[in-house]
Amino acid sequence: MITESWYTLHSKYNCEHHYGFDPKTLPKLIQTITPDELEKKNDKYSEFIYLTKYFVKKLFYFLNDIPAMIIITDDSCNVLKVMGNEDLQYKMGIKEGDSFDEKYAGTNSIYLCLNHNLPIQVKGNEHFHKVFYDMSCSSCKFTLNNGLKGTITLATTLDKSSSFHLGLVSSAVDSIEREIELNKMNKQLNLFNQIIIKSTKNGIIITDQNGMITDYNVAAEKYTGIKKTDIIGRNINTFNDELKVFSRYIERTLSLNEKFENIEIHFSNNKLEKIFLFDTIPIYDGVQFIGTYSQFRDITDRYDLEQQVITNEKLSIIGKMSTSLAHEIRNPLTPISGFLKLLENNFDKAKSKEYFKIINDELHRMKDLINNFVMISKPEAPRKKDVNIHTLLLETIHLMNSHGNLHNISIEFTDNIKHDLSIYVDKNQIKQVLINLIQNAIEEMNAGGEINVVLNKNRELNQIEISVIDQGCGIDPKILSDLFTPFVTTKPDGTGLGLSISQRIVKNHYGEIVVDSNKNRGTTITVTLPISIKNDRRDD
């Protein structure tokens, strides 16, 4: 009974009748390509050969008690690489560059696989030449995305042969093809990333999971004045000077997987004074943490412009408050002048102590008013420290009360925390925000009324909430969504920059501003700020 496949029978017929082979003699394999041509082909197939070596090691590990040989050919049956058992190589007389075309090698799985485009196993007497009756060869075709084709063949002895060997070769080919496709995608992605990294105007620092710097682009060199060659390969925690302003955040991302966005960084060395907006995020390969990506952009010009605008805003507020301040100073001057007159005309020792106390209190009130007034007008660089929030609010409300009184508006303060609490902020900047919000509330209440400033603590989020609640006419919903956009304003003579700057100041303190407004029912603006943590000093 004939059990052989039709293609092996057809091949044997060709060997006997077309090529005139003697089945009792070993076929003489010949080289149909020159050594130079073989070298060029190996260059073309180099990636495939390299990956095949990796999979062959794994394959031989599972076939450790089986004599086996791996043959890689091109799509013309030319042997490109032979790996494995040397005894089998010697027995078959196979060398790199030999051709397994049927007309030279007789019936073999390599030629049949390529000719019929099928995974094929030829074993025992399915070969034409009797010298191969104790051999089994399993071949599978591969096709690469660059158009290259060929075969991988597993050759072993017949007694160790298994039908599973063809499946092993087929699986190996699938894995290698996928790996090559993945490598191509990774190369394209890496090229794309390099183009982005090199062309972006943002400075970029990339580290591995251990903090070793793996990339540092041209923009980063330009901004910091530090050369790439001095950075790559160093650990981020070794920078105690020039890059410390960045490394403190990157180290937190490395150790705690924290994400930082829009951090205002003041960078300086012997050559440069810059202000950057800095982000750093953890990088994951699927679920595994593999490093950090940080970027920073130069906002020095924008910062200088904003500082100028802040100064102008302060001057604007000072101008509006001058009348109120003069009025408040005039009020204590009247009793001071009167009591001094009484003391001059009729010195009464019994009452002099009481008179001097009143005079002293009024002078202190004037001093506080003038000190607060000067604090607003004096521009200073951001300087954070622990500030008692209750005291800060009282000072601000006290400063704004006189301005409110002129508009028939009272400012009430409700402290729902009821104990001393410090937050880590720039006192003057936060005071500037609160003054701006109260000033806006006063200007919204044409008919007078009451402004409520309420202090709450959100224990769950470990933050404070300062709400400024007015009884004004509310904000038009069309304007509300763009309220913090520069130059968007509801005031005829407004610049629309006050709230924009206030929002930036609050964000730089890791907080946020939320607006809730109802037409003809008033507006509530809430500022949230994190509560000071002694071991968390993110900026100085």
Side-chain angles (χ1 to χ4, degrees), residues 244-266 277-282 310 372 375-376 380-400 411-438 440-441 451-469 484 499-516 523-540:
K244 186 62 179 177
V245 288
F246 301 124
S247 64
R248 68 171 74 175
Y249 298 105
I250 296 173
E251 286 172 14
R252 289 172 68 97
T253 303
L254 285 166
S255 60
L256 303 173
N257 289 352
E258 281 191 72
K259 177 181 178 181
F260 295 96
E261 290 182 331
N262 296 326
I263 304 298
E264 189 176 290
I265 298 253
H266 292 250
L277 216 52
F278 177 77
D279 310 318
T280 182
I281 59 172
I310 288 173
N372 283 325
M375 191 177 292
I376 297 171
E380 292 183 355
R383 190 163 297 177
K384 295 181 182 179
K385 61 182 180 180
D386 284 321
V387 175
N388 185 298
I389 187 59
H390 180 91
T391 303
L392 175 60
L393 286 170
L394 282 179
E395 287 178 0
T396 308
I397 292 167
H398 181 61
L399 180 62
M400 297 301 293
I411 305 173
E412 301 297 328
F413 176 45
T414 304
D415 183 359
N416 291 326
I417 298 178
K418 295 185 171 64
H419 65 80
D420 285 343
L421 180 65
S422 291
I423 58 175
Y424 190 61
V425 295
D426 183 307
K427 179 179 179 180
N428 289 345
Q429 285 193 354
I430 297 302
K431 182 175 282 190
Q432 173 72 20
V433 170
L434 296 171
I435 288 172
N436 189 284
L437 298 182
I438 295 171
N440 288 346
I451 294 173
N452 288 293
V453 178
V454 181
L455 175 63
N456 288 302
K457 179 179 179 180
N458 188 323
R459 297 182 183 277
E460 185 179 344
L461 300 177
N462 196 34
Q463 63 187 19
I464 62 160
E465 298 172 349
I466 305 166
S467 298
V468 178
I469 307 166
F484 295 102
L499 283 176
S500 176
I501 292 169
S502 295
Q503 185 187 54
R504 187 187 66 79
I505 290 172
V506 172
K507 279 191 172 182
N508 285 343
H509 285 78
Y510 312 102
E512 63 176 338
I513 300 181
V514 178
V515 181
D516 180 22
T523 300
T524 299
I525 299 184
T526 302
V527 176
T528 62
L529 293 167
I531 294 173
S532 172
I533 301 173
K534 289 295 182 186
N535 62 356
D536 183 14
R537 291 295 180 262
R538 299 185 180 180
D539 256 329
D540 294 316

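Note that this is a predicted model, so its numbers are computed, not measured.
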Using a cut-off of 6.0 Å, state whether more than 12 heavy atoms not belonging to Lys507 lie near its atom NZ.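 No.
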Could you tell me the separation between the [atom1] atom of [X] and the [atom2] atom of [Y], rounded to the nearest 0.5 Å?
X: Asn456; Y: Asp415; atom1: CG; atom2: CG; answer: 9.0 Å
X: Asn257; Y: Ile281; atom1: CG; atom2: CD1; answer: 11.5 Å
X: Ile423; Y: Ile531; atom1: CD1; atom2: CD1; answer: 8.5 Å
X: Thr526; Y: Asp516; atom1: OG1; atom2: CG; answer: 8.0 Å
X: Ile435; Y: Met400; atom1: CD1; atom2: CE; answer: 6.0 Å
X: His390; Y: Ser422; atom1: NE2; atom2: OG; answer: 12.5 Å

Picking from Ile389, Asn388, Thr391, what satisfies side chain to side chain contact (heavy atoms under 4.5 Å, CB included) with Asp420?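 Answer to the side chain to side chain contact (heavy atoms under 4.5 Å, CB included) test with Asp420 among Ile389, Asn388, Thr391: Asn388.
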Quickly, which of Ile397, Asn452, Val454 forms a side chain to side chain contact (heavy atoms under 4.5 Å, CB included) with Phe413? Name it, please.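 When Ile397, Asn452, Val454 are each tested with Phe413, the side chain to side chain contact (heavy atoms under 4.5 Å, CB included) holds only for Ile397.
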Passes side-chain contact (heavy atoms from CB on, under 4.5 Å), Ile430 versus Val387? Steps please. CA-CA 10 Å; Ile430 297 302; Val387 175; over 6 Å; no
Do side-chain atoms of His509 reach the backbone of Asp426 as a donor and acceptor pair under 3.5 angstrom?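 Judged by distance alone, yes, a pair lies under 3.5 Å.
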Keeping the roles fixed (side chain from Ser467, backbone from Ile525), state whether a donor-acceptor pair exists under 3.5 Å.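 Not at all, since once roles are kept as given, no pair shorter than 3.5 Å links the two residues.
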Ring centroid separation Phe260 to Phe278 under 6.0 Å: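 Ring centroids of Phe260 and Phe278 are no less than 6.0 Å from each other.
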Nearest heavy-atom pair of [X] and [Y]: which atoms, and what distance?
X: Leu529; Y: Val425; answer: CD1-CG1, 4.5 Å
X: Glu258; Y: Pro282; answer: O-CD, 3.9 Å
X: Ile265; Y: Tyr249; answer: CD1-CE1, 3.4 Å
X: Ile451; Y: Ile438; answer: CD1-O, 4.1 Å

May I have the step-by-step check of side-chain contact (heavy atoms from CB on, under 4.5 Å) for Lys457 and Lys418, ending in yes or no? CA-CA 10 Å; Lys457 179 179 179 180; Lys418 295 185 171 64; over 6 Å; no
